[in-house]
Amino acid sequence: MELKELFYTLLRFKSVTPDDAGAYEFIKNYMQGWEFLELNFHDTKNLVIYKRFGDGVHLSFAGHIDVVPQGDGWESDPFEPTQKDGYIYARGTQDMKSGVCAFLSACKKVESFDGTISVMLTSDEEGDGTYGTIKILEYLKKQDFLPDAVVVAEPTCEEVFGDSIKVGRRGSINGVVELFGLQGHAAYPEKAKNTIHMIAPLLPKLAGHFFDEGDECFAPSQLVLTDLRSGLEVTNVSPGHLKLMFNVRNSTKTSKEDVQNYLDAVFKDYEYKLKLTQGSFPFVTNKSSHLVQKMSEAVKQVCTLDPKHSTAGGTSDARYMGSFGIDVVEFGVINDTIHAPNERTTLDEVEKLEKVFSYLIENYNKEI
């Protein structure tokens, strides 16, 4: 099966989270001759594909078969790939069936390798991810079969294909502050404790506050206000309760405890309640590691440019590899239309991505 046909076939599966929509059966048929582990939990389907070629390193590729709902605004059928003006339009073209297509094709071509090659796929990356990649890794750890290095094929490039490899990700801390005052009549402000008035002088200490200065790997950890609401939507009642929501994309220099301590200090003179949750933790793979060096070499060989090493953006399943102490990088097609209507990529990018992965496999065990 040619790469274009493989890509189009994957795009036609209506695999909206957490449904694989039959994609796994097709993939298992495509990867005949390899071993399969089906690790399904609740409504999430996970698939591990592997082949032992030798006793050496275990190199793995990871991704998700699920996509976000199509939404409105499409100019073509989101689950029927449409070629127009040099682009292929369909849901999942960038995020991330291009990556899945590229590493499946590259792995299928492998004839020899000093070690094990594997693929980890989940149907719930775009959702909560509770029973997805994390469950795969927990199972593999019990079987003493964790990979030594993982490439996650998320879309990472910014302007030109090959310009960026992600070597880490920031963490994400969500916060909710509830401020308590005393509701009253707007005509008698002295008899009330107006929570909007209370929060006003504190906002400069909150909005955009930097917890650290960042470093060569990470931007500064910044407090970003995302919602503020108080009052009854009337003009004659001063509010006695306020709710403020925020997010901090944190580097390795700032912890959840640091955020807690800062907010406690800001609100120390008020009656308040603070709730913090951390959905993901920051990680970074050493830029001098074998995986980062070899991936950079592969991109340079195929794309004839030196990719930058980035930690920008949101979060991905790569965070789970980092928590298991596995070296991990992310590399994929240009990221500019993910989750949007008329999501698109080019066949040229997918073909080059497959070449990058093939080069990585063929040269992984060679000296840097």
Side-chain angles (χ1 to χ4, degrees), residues 16-18 68-74 95 124-130 169-214 218-282 312-316 319 337-341:
V16 177
T17 310
V68 297
Q70 64 189 62
D72 299 323
W74 283 83
D95 190 15
D124 185 15
E125 191 272 350
E126 299 291 5
D128 293 336
T130 306
R169 291 275 189 167
R170 297 173 295 175
S172 181
I173 300 169
N174 294 314
V176 179
V177 175
E178 288 187 80
L179 188 59
F180 303 97
L182 179 64
Q183 181 177 308
H185 197 295
Y188 304 96
E190 70 280 2
K191 295 182 179 182
K193 293 181 179 179
N194 187 319
T195 48
I196 296 179
H197 289 189
M198 291 161 63
I199 197 73
L202 304 181
L203 287 176
K205 299 179 182 180
L206 299 172
H209 173 75
F210 290 107
F211 290 94
D212 58 58
E213 297 179 351
F218 293 98
S221 305
Q222 187 176 20
L223 193 154
V224 177
L225 301 181
T226 58
D227 193 81
L228 190 156
R229 58 191 64 202
S230 184
L232 303 176
E233 295 191 54
V234 295
T235 58
N236 61 347
V237 179
S238 59
H241 177 263
L242 180 145
K243 187 175 183 180
L244 177 74
M245 303 179 76
F246 63 88
N247 176 263
V248 178
R249 295 300 167 113
N250 64 309
S251 73
T252 52
K253 287 187 169 184
T254 293
S255 68
K256 179 181 168 185
E257 289 69 29
D258 294 327
V259 177
Q260 174 86 47
N261 292 337
Y262 181 77
L263 270 294
D264 285 341
V266 170
F267 288 97
K268 63 182 176 65
D269 295 327
Y270 301 93
E271 183 183 354
Y272 72 97
K273 182 168 66 175
L274 172 63
K275 179 182 179 182
L276 293 177
T277 57
Q278 182 148 20
S280 60
F281 294 84
T315 188
S316 76
R319 69 188 187 274
T337 60
I338 66 169
H339 296 197

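Just so it is clear, the structure is predicted and the values come from calculations on it, not from any experiment. Numbers for residues simply follow the sequence, beginning at 1.
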Value for CG (L179) from NZ (K243), rounded to nearest 0.5 Å, stands at 13.5 Å
Could you tell me whether the side chain of S221 and the main chain of D212 form a donor-acceptor pair under 3.5 Å? no
Q) For atom CG of N261, is the number of surrounding heavy atoms from other residues, nucleotides or ligands below 6.0 Å larger than 12? A) yes
Item to complete: For residues D264 and L274, determine if any side-chain heavy atom of one lies less than 4.5 Å from a side-chain heavy atom of the other.
Response: yes
Exercise. Does a donor on one side chain sit under 3.5 Å from an acceptor on the other, for N247 and S172?
Worked result: yes
Residue set satisfying side chain to side chain contact (heavy atoms under 4.5 Å, CB included) with L232, at least two apart, ordered chain then number -> Q183, V234, V237
Only pairs under 3.5 Å count here: list side-chain donor-acceptor contacts from residues 197-208, not counting sequence neighbours, and write none if there are none.
none

So the side chain to side chain donor-acceptor pair (under 3.5 Å) pairs with at least one residue in residues 226-238 (sequence neighbours excluded) are T195-S230, D227-R229
In terms of heavy-atom contacts, L276 and G175 come closest through CD2-CA, 3.7 Å
Sorted by chain and residue number, the salt bridge (charged side-chain N to carboxylate O under 4.0 Å, His left out) partners of R169 (sequence neighbours excluded) come out as E330
- Is a donor on one side and an acceptor on the other found under 3.5 Å between the side chain of R170 and the backbone of G313? yes
query = So, does D258 use its side chain to make a donor-acceptor pair with the main chain of S255 at under 3.5 Å?
reply = yes
Nearest heavy-atom approach of A219 to S251 is O-CB, 4.1 Å
Under a 4.5 Å cut-off applied to non-hydrogen side-chain atoms, are L244 and L225 in contact? yes
Which of F267, F210, F211 passes ring-ring contact (aromatic ring centres under 6.0 Å, His included) with Y262? It is F211
Taking every heavy atom of K191 against every heavy atom of L182, the minimum-distance pair comes out as O-CD2, 3.5 Å
Note to self: With a 4.5 Å cut-off on side-chain heavy atoms, are L263 and L223 touching?
What the structure shows: yes
When rounded to the nearest 0.5 Å, the distance separating OG of S280 from CG of N250 is 7.5 Å
Residues passing the salt bridge (charged side-chain N to carboxylate O under 4.0 Å, His left out) test with E178, sequence neighbours excluded, are K273
For residues 221-254, the ring pair (Phe, Tyr, Trp, His ring centres under 6.0 Å) pairs (sequence neighbours left out) are F180-H241
- [ ] I would like to know whether L242 and L228 meet side chain to side chain contact (heavy atoms under 4.5 Å, CB included); could you show each step before the answer?
- [x] CA-CA 7 Å; L242 180 145; L228 190 156; 4.0 Å; yes
N/O donor-acceptor pair under 3.5 Å between K253 side chain and G214 backbone:
yes
So CD of E125 and OG1 of T17: to nearest 0.5 Å the spacing works out to 8.0 Å
Q.
Using a 6.0 Å cut-off, check whether atom CD of Q260 has over 12 heavy atoms from anything other than its own residue.
A. yes
